[in-house]
Amino acid sequence: MSAIGRVAVVVAASLVVGFGGGYGLSQLGGDDDSPSPSAATGPGGTAGTAGTAAAPPAAPEPAPTTATSATPAPTTATTAPTAPSTSDADAPVAAANTLNVSVVSATYVAATTDSGRRRKRARLAVQLKVRNRSAAAADLGPATITFGQDSVRRDSAAREAAAGLAKPLPPEQEVTGELRFETAGAVTTRLAQQSSVTLKINGQTVQVPVKK
C-alpha cells in the first residue's frame with residue numbers, strides 16, 4: 001500500500017471514531033433544550049408531577065349567623081271612661097230604704113159592662129201610703145203584682161187614681177194614691193181565686209190580702 005492509501009485509511013478511521021463518540025455523548029447528556037419528562041414546575045416555582053395542576057386554596061367558611069327579631073314593646077289599650085248620661089226626663093228613683101210603703105187595702109173589682117164581662121175583665125185596686133224619708137224627690141218606680149205563674153204590671157195610664165204616686169214624691173213627705181192592675185181572660189179567672197197577691201214595688205216585696 002502506498003503512503004497516500006495509508007493516510008486515507010487513518011483519516012477514515014478517525015472520522016468513524018469521532019462520530020461514534022459524539023453520538024454516545026449526546027445520548028448520555030440529553031438535549032439541553034427539552035424539559036425533563038419526569039418533572040414539571042408548577043405555579044410559584046414549586047415542582048410537581050407532570051400533568052397535575054395545584055388545587056387553589058379552599059375559601060374560608062362563612063361564620064354562622066343567628067337571625068334575631070326585635071320583640072315589640074307591649075301595648076296597653078286604654079279606654080276613656082264614659083261619663084254617665086243624664087236626662088231631665090229621667091225621674092230619680094229612690095233606694096228601697098228611703099221609701100216606706102204601706103198597703104191600705106187591695107180590692108178585686110170585676111167588670112160590669114157587657115163587653116167587659118165577655119172579655120172577663122177585672123181590676124185589682126191597691127191603695128198605698130208612701131213616705132219619702134230622703135232629702136230629695138224620689139220616684140216610686142214600676143210596680144207589679146204576682147200570683148202563681150202570673151205577673152201583672154200596674155196600669156200607668158191610671159194617673160188620676162194614682163194621684164201623688166204618679167209623680168216624684170216630695171222629700172220627707174207622705175203621699176197616698178191608688179195603683180190599678182188590669183186583667184182579662186184566664187188571668188182574671190186565676191186572680192179571682194186568690195186570697196192574696198205579692199206586690200213588688202221599689203225593691204220591696206209586700207204580701208197583700210185581696211178583698212172581693
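Values reported hereafter were calculated over all heavy atoms of this structure, with side chains retained and with hydrogens, waters and symmetry mates removed. We're numbering straight along the sequence, starting at 1. A quick note: this is a predicted structure, and the numbers were derived from the prediction, not measured.
A distance of 9.5 Å separates OG1 of Thr146 from CD of Gln194, quoted to the nearest 0.5 Å. Note: Thr183 OG1 to Leu191 CG = 5.0 Å, rounded to the nearest 0.5 Å. Summarising the geometry, atom CG belonging to Asn132 is positioned 9.5 Å from atom CG belonging to Asn100; distances are rounded to the nearest 0.5 Å. The CZ atom of Arg180 lies 13.0 Å from the CZ atom of Arg154; values are rounded to the nearest 0.5 Å. Note that CG of Leu124 is 12.5 Å distant from CG of Asp155, once rounded to the nearest 0.5 Å. The OG atom of Ser102 sits 12.5 Å away from atom CD of Gln127, with the distance rounded to the nearest 0.5 Å.
When all heavy atoms are compared, the tightest approach of Leu165 to Glu178 is CD1-N, 4.3 Å. Here the closest heavy-atom approach between residue Ala136 and residue Pro171 is recorded as N-CB, 3.6 Å. For the residue pair Thr176 and Ala163, the shortest heavy atom distance occurs at O-CB, 4.1 Å. Across all their heavy atoms, Phe181 and Val152 have their closest contact at CD2-O, 3.6 Å. In this structure, Lys200 and Thr205 approach most closely via the heavy-atom pair CG-OG1, 4.1 Å.
Side-chain N or O atoms of Arg117 include one that pairs as donor or acceptor with a backbone N or O of Thr112 at under 3.5 Å. Counting only distance, with no hydrogens or angles, the side chain of Lys129 and the backbone of Val104 share no donor-acceptor pair below 3.5 Å. At distances below 3.5 Å, not a single donor-acceptor pair connects side-chain atoms of Asp114 with backbone N or O atoms of Arg118. Side chain of Thr188 to main chain of Lys120: a donor-acceptor pair is present (N/O by atom type, distance under 3.5 Å, no hydrogens or angles).
Using a 4.5 Å cut-off on side-chain heavy atoms (C-beta onward), Leu179 and Ile201 make contact.
Contacts of Glu182 classified as side-chain hydrogen bond (donor to acceptor under 3.5 Å, both in side chains), with partners at least two apart in sequence or in another chain: Arg123.
Heavy-atom neighbours of Arg159 CZ from other residues, nucleotides or ligands within 6.0 Å: at or below the threshold of 12. The number of heavy-atom neighbours closer than 6.0 Å to CD of Gln207, taken from other residues, nucleotides and ligands shown, is above 12.
Here the rule is side chain to side chain contact (heavy atoms under 4.5 Å, CB included) with Ile145, and of Val197, Asp150, Val208 only Val197 fits it.
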